[in-house]
Amino acid sequence: MIQKPRGTRDFLPDEMEARRNTETKMREAVRRWGYREVCTPEFEDLELFTLRSGEGIMQEMYVFEDKGGRKLALRPEITAAVIRMYINEAKVAPKPLRWCYFADCFRYERPQKGRYRQFWQFGAELIGADTAIADAEVIMLAADALNATGVTWDLKVGHLAFMKNLLKDLESSAQRRVMAHLDKKDFEGLKATLADMSKADLGESLTALVECRTLGEAFEIAGMIPEKERVEQMTGILDASGVTYSLNFGIARGLDYYTGMVFEGFAHNLGAENQIVGGGAYRLAHLFGGDDVASSGFAIGFDRVMVSLGDVQPKKNTIVGIVCTNEGRTFALSVARAFRAEGIRAEMDLMERGLGAQMAHASKSADFAVVIGGREAEAGQVTLKNLHSGEQKTLSPAVAIAEVKAHGAR
RNA sequence: GCCAGGGUAGGGUAGUCUGGUUAUCCUAAGGGGCUGUGGAUCCCUCGACCCGGGUUCAAAUCUCGGCCCUGGCCCCA
């Protein structure tokens with residue numbers, strides 16, 4: 001027996017319904033903010049991803065060569081591709097651009113709870129706006145999209161300017177090492193690294209910055225920063241908009257391309273892999289040969305949202321089982337068409353079963369049975385049976401459709 | 001890449017320590033009987049010991065390797 005590849009999943013109809021349901025909620029949330037969907041290729045030039053994230057990530061990518069000898073990779077994320085597309089196709093479009101996407105990505109990693117080798121990201125990118133309100137919009141948008149799904153989570157918002165100010169005398173490679181420690185809250189390692197650099201005095205203020213939870217404290221620790229006003233404006237907008245968040249200046253998210261605002265979200269009921277969203281303001285376009293446009297965005301780990309939501313029964317549409325005898329079949333086919341034309345799921349027997357067996361089958365899956373035998377066919381009527389209550393009455397097809405419609409989704 | 005626990009009909013289980021025809025209630029599926037009104041009942045069928053090597057007269061069981069699953073570490077663009 002052929003098994004599916006490691007880290008991939010099959011989705012049966014019930015699960016797909018639940019996934020589409022959640023997906024639709026997120027789509028609808030961002031649509032209301034004016035974000036429109038884009039789509040990029042499933043695979044890209046390998047360089048697109050190594051330019052952004054370094055050669056090291058090749059270990060965790062699906063890399064292959066096509067028949068023309070091109071080095072390609074299955075996309076491990078979407079942001080780089082969206083920015084590439086912006087440079088290729090939409091550089092002169094009026095700013096700002098509000099784009100969203102829902103797409104599968106691939107990473108060659110050890111599967112765990114909420115981590116798969118093929119996984120789906122729902123995200124948005126805001127291109128060409130470099131203001132406090134733009135920063136705030138991306139955060140509020142992410143919060144809206146996640147809250148729409150019903151998942152419970154915590155939002156942590158930070159800004160890189162504070163940490164960068166403390167580290168401004170360090171080489172960029174040294175900065176990166178320090179940031180990595182802070183991102184992990186690895187204060188022991190931080191101490192050692194700083195000692196190596198003979199910058200031990202930084203340890204205390206860095207630790208205090210990571211631990212502090214108010215803007216005032218952060219300014220005190222990090223000193224005056226040029227972005228002060230922008231950060232204050234952004235948090236002001238968030239506060240006025242009723243977004244629930246906590247400040248956290250230890251969020252690093254890779255110093256290379258994130259430039260200012262950064263944020264992360266964590267689901268309440270997941271295991272080790274509980275981050276369900278990450279985002280921030282970044283500059284990437286210049287890496288791919290474009291202008292140095294300011295962008296911001298986020299990506300939601302869709303599969304983790306689904307794990308966090310657990311087994312929720314998707315709303316089912318009313319199903320009608322058409323039950324007929326041989327004499328009634330021709331009329332039954334036209335009645336089935338009429339139900340479908342009105343948007344109602346109608347299923348007919350395909351197994352050449354007898355009336356009782358058809359009933360038995362319908363009662364397992366459907367809400368109503370529409371019985372059509374010789375008598376009904378002759379009279380141009382149907383017998384509508386409510387399979388939940390057991391009531392049945394003989395009606396014209398149009399009235400039967402109206403009754404089923406009135407019943408609504410269960 | 002590392003650690004722990006797992007893998008037995010479509011789903012759920014017992015059996016593994018102590019090798020000896022595997023099995024089960026439930027459930028699902030297919031067929032039949034019956035049938036102008038349903039989840040019933042009766043009968044039948046289908047269906048698995050993750051894969052491969054080793055030990056053995058004999059392996060679901062012991063042993064080695066692999067694959068996969070679950071969780072954790074690492075990583076997380």
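Below, chains carry the letters A, B, ... as their sequence lines are ordered, and counting in each starts from 1. Below, all heavy atoms of this structure are taken into account, side chains as well, without hydrogens, waters or symmetry copies.
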Check: If the sugar-phosphate is the primed atoms plus P, OP1 and OP2 and the base is the rest, what is the B/S/- string for nucleotides 41-46 of chain B, using protein heavy atoms under 4.0 Å?
Finding: ------
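For the side-chain hydrogen bond (donor to acceptor under 3.5 Å, both in side chains) condition, no pair includes a residue of residues 354-363 of chain A, sequence neighbours left out. Applying the salt bridge (charged side-chain N to carboxylate O under 4.0 Å, His left out) test to every pair with at least one member in residues 148-161 of chain A, sequence neighbours left out, gives no pairs at all. Residue pairs meeting the salt bridge (charged side-chain N to carboxylate O under 4.0 Å, His left out) criterion with at least one partner in residues 381-401 of chain A, sequence neighbours excluded, are A:Lys393-A:Glu403.
Other residues, nucleotides and ligands place no more than 12 heavy atoms under 6.0 Å from the OH atom of A:Tyr108.
Applying a 4.0 Å cut-off to non-hydrogen atoms, the residues of residues 104-122 of chain A that approach RNA chain B are A:Arg107, A:Glu109, A:Arg110, A:Gln112, A:Lys113, A:Arg115, listed by residue number.
By the side chain to side chain contact (heavy atoms under 4.5 Å, CB included) test, A:Phe64 is found to be paired with A:Phe43, A:Leu72, A:Leu74, residues two or more places apart in sequence or in another chain being considered. Looking at residues two or more places apart in sequence or on another chain, you find no side chain to side chain donor-acceptor pair (under 3.5 Å) involving A:Asn274. Judged as a side chain to side chain contact (heavy atoms under 4.5 Å, CB included), and not counting sequence neighbours, the contacts of A:Asn386 are A:Phe368, A:His388, A:Ser389. Listed by chain and number, the residues in a side chain to side chain contact (heavy atoms under 4.5 Å, CB included) with A:Leu215 are A:Phe162, A:Phe219, A:Val231, A:Glu232, A:Thr235, A:Leu247, A:Phe249 (sequence neighbours excluded). Residues that satisfy the side chain to side chain contact (heavy atoms under 4.5 Å, CB included) test with A:Lys191, not counting sequence neighbours, are absent from this structure. Residues meeting the ring-ring contact (aromatic ring centres under 6.0 Å, His included) test with A:Phe331, sequence neighbours left out: none.
The partner of B:A4 is B:U70, judged by Watson-Crick or G-U wobble contacts that both fall below 3.5 Å.
Nucleotides B:A4 and B:A77, compared at atom C1', are 29 Å apart to the nearest Å.
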Collect all protein-nucleotide pairs involving nucleotides 37-40 of chain B in which both atoms are nitrogen or oxygen and the distance is under 3.5 Å.
residue : atom : partner  : partner atom : Å
B:U37   : O2   : A:Lys385 : NZ           : 3.1
B:U37   : O2   : A:Gln392 : OE1          : 2.9
B:U37   : N3   : A:Gln392 : OE1          : 3.2
B:G38   : O2'  : A:Ser363 : OG           : 3.3
B:G38   : N7   : A:Lys385 : NZ           : 3.3
B:G38   : N1   : A:Leu387 : O            : 2.9
B:G38   : N2   : A:Leu387 : O            : 3.2
B:G39   : N1   : A:Ser363 : O            : 3.1
B:G39   : N2   : A:Ser363 : O            : 2.9

